Amino acid sequence: MRAARAFRFARAVHVSFNLALDFDSALRSAATAAGFADAEALNPEVRVSDPRHGDYQANGVLGYAKARKLNPRATAEKLVAALPASVRETCDVTIAGPGFINFTLKPATLFAWLRAHPSIAQLRVGAATAKRDQTWIVDYSSPNTAKQMHVGHLRSAVIGEALARLLAFSGAKVVRDNHIGDWGTQFGKLIWAYKRQLNTDALSREPLEEFERLYKVGNSTAEADPAVLDEARAELVKLQAGDPENLAIWKKINDVSLAAFQRIYDQLDIRFDVALGESFYNDKTDQIYRELSDLGLAVESEGALVVFHPEHPRFKEQPLIIRKRDGAANYASTDLATILYRFEHFKATGALYVVDKRQSDHFDQLFLTAQKWFAASHRTLPHLEHIDFGTVLGEDNKPLKTRSGENIKLRDLLTEAEARALALVSERSPDIPAEERAEIARLVGVASVQYADLSQNRSSDYLFAWDKMISLEGNTAAYLLYAVARIHSIFRKLGIDPTAGELDTAATPLETAEELTLARKLVKFSNALDSAVTQLRPHFLCLYLYELAGDFSGFYNADKVAVEDPAIRARRLLLCARTLLLLETGLNLLGLRTLRRM
RNA sequence: GGAUCCGUAGCUCAGUUGGAUAGAGCACUUGGCUUCGAACCAAGGGGCCGGGGGUUCGAGUCCCUCCGGAUCCGCCA
């Protein structure tokens, strides 16, 4: 009887995807209802709270009262007294300390949230308001052709992919752009060597290694022989003038490179919408020189065309070089052309440049220049942001290299991750058939690499340690994937489909401490997503998923799911199903694949 | 020389426009599998948040200064 009443109540309560937003608007309207003089100035500052204090807390009253020389505690009391009745139905509200307002969700509210979000479709509806009607370009990976991707390329690819997925889930139209370096000065020497020294066997076997070898041949030969250097320069001039033969070689090098890159992207589950490299903007730089010169932004200096920023402490003397002394374009030229193209062609709200933080000077100069350029030409500048990230370091605290000092190839790194994962799977799950073990290892190996990268604040340098990465413990991919596999296992044993909507019909309200702790964590998915998206830092979502998996493990250990009592069993299955949904959704948003058995 | 970022437990790291007693993991100690996957869980010790000064109801967070580290600074990207 009690259970039935609670069930009806839960159904009647309206719950939003993001409960913090409900409390925010409730407090704002309470400020008006309470007759605050400048009620609209109150920013409630609702955030997820330490569980000791409740589920959410509002800190904004403190600042509001301080600015007006009011007693913060009394202000909070007035505000709480004026809260809409609906808030009282969903949670307990208390005032603590100098004027913190604490919200503790009632079990029925938790239950209602779980019922209201049975599938990814409902999560998407809730999440997709944040970036609705916006178009974002995510510029990431961006390797140079004719070279292999090395460990330095990992972070851009992994972080960029996660951000692209997070923005898309938040309702934005996302254009994933691989801004490949396909137009460098290296092509002169490369083409020179390609015409003379190409090993076709090697080309078909290991094309990138062959290109790298050819470049080295071209480079060393040109260094030794000035005549060769002139020939190589001539090859570059011919290419840039559109010589059919050189253009064909250039195209072949790029096509083969992209196909090789794609094998890495497949492993990482990355798919670009466009790959508009530097060559694409080759014919679009003259307009840049012209416009910036006409506007007086660009001036000649030491033979080059450059932009100074006189008001800036550093860029008044450190120019942005947009055309080299020899008349050729560089990456500043193409980057400016790229901004214009993204503005005109994609009508972009903004563009995110997922690039090493060592290039922050370049982007500061670039964005400052674009800002003045767009303002002077009466255009609206999209939001441009450099998504910087730190260097991958080895255990010696220096940039990660092989023992012989070479860059570690990304392909080798992923292969090694897979091998280590296979050793682990074979040790822990010897009963799984070898073929499936290999499949699991492929997934776990790559996921571990991705997750290790994403789980740390991207701006910090990142210490690469195999043992930490492939480890099963702590904040690692394997720990999260294990939780996913274990939940699948429960449903498999019981012969129930976790996505079936009828799980909760017999459920009674949550009771045990572990059930409630888990449910309280589940409803905060939206807040973790929000942190990750607004700050463009995936590690907030990683941390949440890790804590969620931890709360699930605690629940799993304390409360048996497959019990006789149908009501208890139903509500625990509901918790399992939602934990599974959020873990899988969250991991997929980070770019990871999940599995059912490991 | 100029500039940017960083310094939190033995190690690796979180700490969201300044908020409540600074949090995790690893390592260490102890306990838990005849019961849904122990690749798990529970409990414990461990901190002048680099030093000093300032701003205020409140500072790991903001300002100043010193010490230590990383990175960038004209035609590579």
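No hydrogens, no waters, no symmetry mates; every other heavy atom, side chains included, goes into these values. Computed from a prediction, not measured in an experiment: that's the story for all the values here. So you know, we letter chains A, B, ... as the sequences are listed, proteins then strands, and number each from 1.
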For [X], ring pair (Phe, Tyr, Trp, His ring centres under 6.0 Å) partners two or more places apart:
X: A:Phe211; result: none
X: A:Tyr353; result: A:Phe363, A:Phe367
X: A:His179; result: A:Tyr281

Counting any heavy atom closer than 4.0 Å, what does [X] reach on the DNA or RNA strands: base, sugar-phosphate only, or nothing?
X: A:His362; value: nothing
X: A:Ser460; value: sugar-phosphate
X: A:Arg325; value: base
X: A:Ala328; value: nothing
X: A:Leu463; value: sugar-phosphate
X: A:Gln359; value: base
X: A:Glu302; value: base
X: A:Ser360; value: nothing
X: A:Ala478; value: nothing
X: A:Asp559; value: base
X: A:Leu62; value: base
X: A:Val355; value: nothing
X: A:Asp551; value: nothing
X: A:Asn457; value: sugar-phosphate

Watson-Crick or G-U wobble partner of [N], both distances under 3.5 Å:
N: B:A3; result: B:U71
N: B:C36; result: none
N: B:A24; result: B:U12
N: B:G45; result: none
N: B:G19; result: B:C57

query: Of the residues in residues 526-537 of chain A, which ones touch RNA chain B at a heavy-atom distance under 4.0 Å?
result: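 The answer is A:Ser531, A:Gln535.
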- prompt: By a strict heavy-atom criterion of less than 4.0 Å, which residues belonging to residues 46-60 of chain A are in contact with RNA chain B?
  reply: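 Heavy-atom contacts with RNA chain B come from A:Arg47, A:Arg52, A:His53, A:Gln57, A:Asn59.
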Set of side-chain hydrogen bond (donor to acceptor under 3.5 Å, both in side chains) partners for [X], sequence neighbours left out:
X: A:Trp183; value: A:Asn282
X: A:Asp50; value: A:Arg52
X: A:Asn254; value: A:Thr145
X: A:Ser141; value: A:Tyr265

Short side-chain to backbone donor-acceptor contact, A:Ser460 and A:Gln456, under 3.5 Å: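 Not a single qualifying donor-acceptor pair exists.
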Taking [M] as the reference, what is the distance to [N] when you measure between their [atom1] atoms (whole Å, please)?
N: B:G51; M: B:A59; atom1: P; answer: 16 Å
N: B:A20; M: B:C11; atom1: C1'; answer: 30 Å
N: B:G1; M: B:C63; atom1: C1'; answer: 25 Å
N: B:G15; M: B:G25; atom1: C1'; answer: 15 Å
N: B:C57; M: B:C13; atom1: C1'; answer: 32 Å
N: B:U4; M: B:U65; atom1: P; answer: 12 Å
N: B:G44; M: B:A9; atom1: C1'; answer: 15 Å
N: B:U17; M: B:U61; atom1: P; answer: 13 Å

- request: Would you grab the first and last nucleotide of RNA chain B (5' to 3') that comes under 4.0 Å of any non-hydrogen atom in chain A?
  value: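 Counting from the 5' end, contacts occupy B:A3 to B:A77.
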message: Return the CG to NZ distance between A:Leu166 and A:Lys131, rounded to the nearest 0.5 Å.
response: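 Reported value, rounded in 0.5 Å steps: 10.5 Å.
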query: Which residue pairs satisfy the ring-ring contact (aromatic ring centres under 6.0 Å, His included) criterion with at least one member in residues 445-465 of chain A, sequence neighbours excluded?
result: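 Matches after skipping sequence neighbours: A:Phe464-A:Trp466.
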message: Between A:Pro98 and A:Arg486, which residue's closest nucleotide on RNA chain B lies nearer the 5′ terminus?
response: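 The residue mapped nearer the 5' terminus is A:Pro98.
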query: Closer to the 5' end of RNA chain B via nearest nucleotide, is it A:Asn102 or A:Gln318?
result: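 Mapping each residue to its closest nucleotide by heavy atoms, the 5'-most match is A:Asn102.
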- prompt: Under the 6.0 Å and 45° cation-pi test, does A:Arg486 pair with A:Tyr482?
  reply: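 Checked: cation-pi criterion not met.
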message: Do A:Arg47 and A:Tyr56 form a cation-pi contact, if we require the NZ or CZ to be under 6.0 Å from the six-membered ring centre and within 45 degrees of the ring's axis?
response: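 Judged by the rule, A:Arg47 and A:Tyr56 form no cation-pi pair.
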- request: Using the side-chain hydrogen bond (donor to acceptor under 3.5 Å, both in side chains) rule, collect all pairs that involve residues 318-333 of chain A, keeping only residues at least two apart or in two chains.
  value: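 For residues 318-333 of chain A, and leaving out neighbouring residues, the side-chain hydrogen bond (donor to acceptor under 3.5 Å, both in side chains) pairs sorted by first residue read A:Glu300-A:Arg323, A:Gln318-A:Asp361, A:Asn330-A:Ser333, A:Tyr331-A:His362.
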task: Taking the six-membered ring for Trp and the full ring for Phe, Tyr or His, determine whether the centres of A:Phe308 and A:Phe315 are under 6.0 Å apart.
output: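 That pair fails the under 6.0 Å test.
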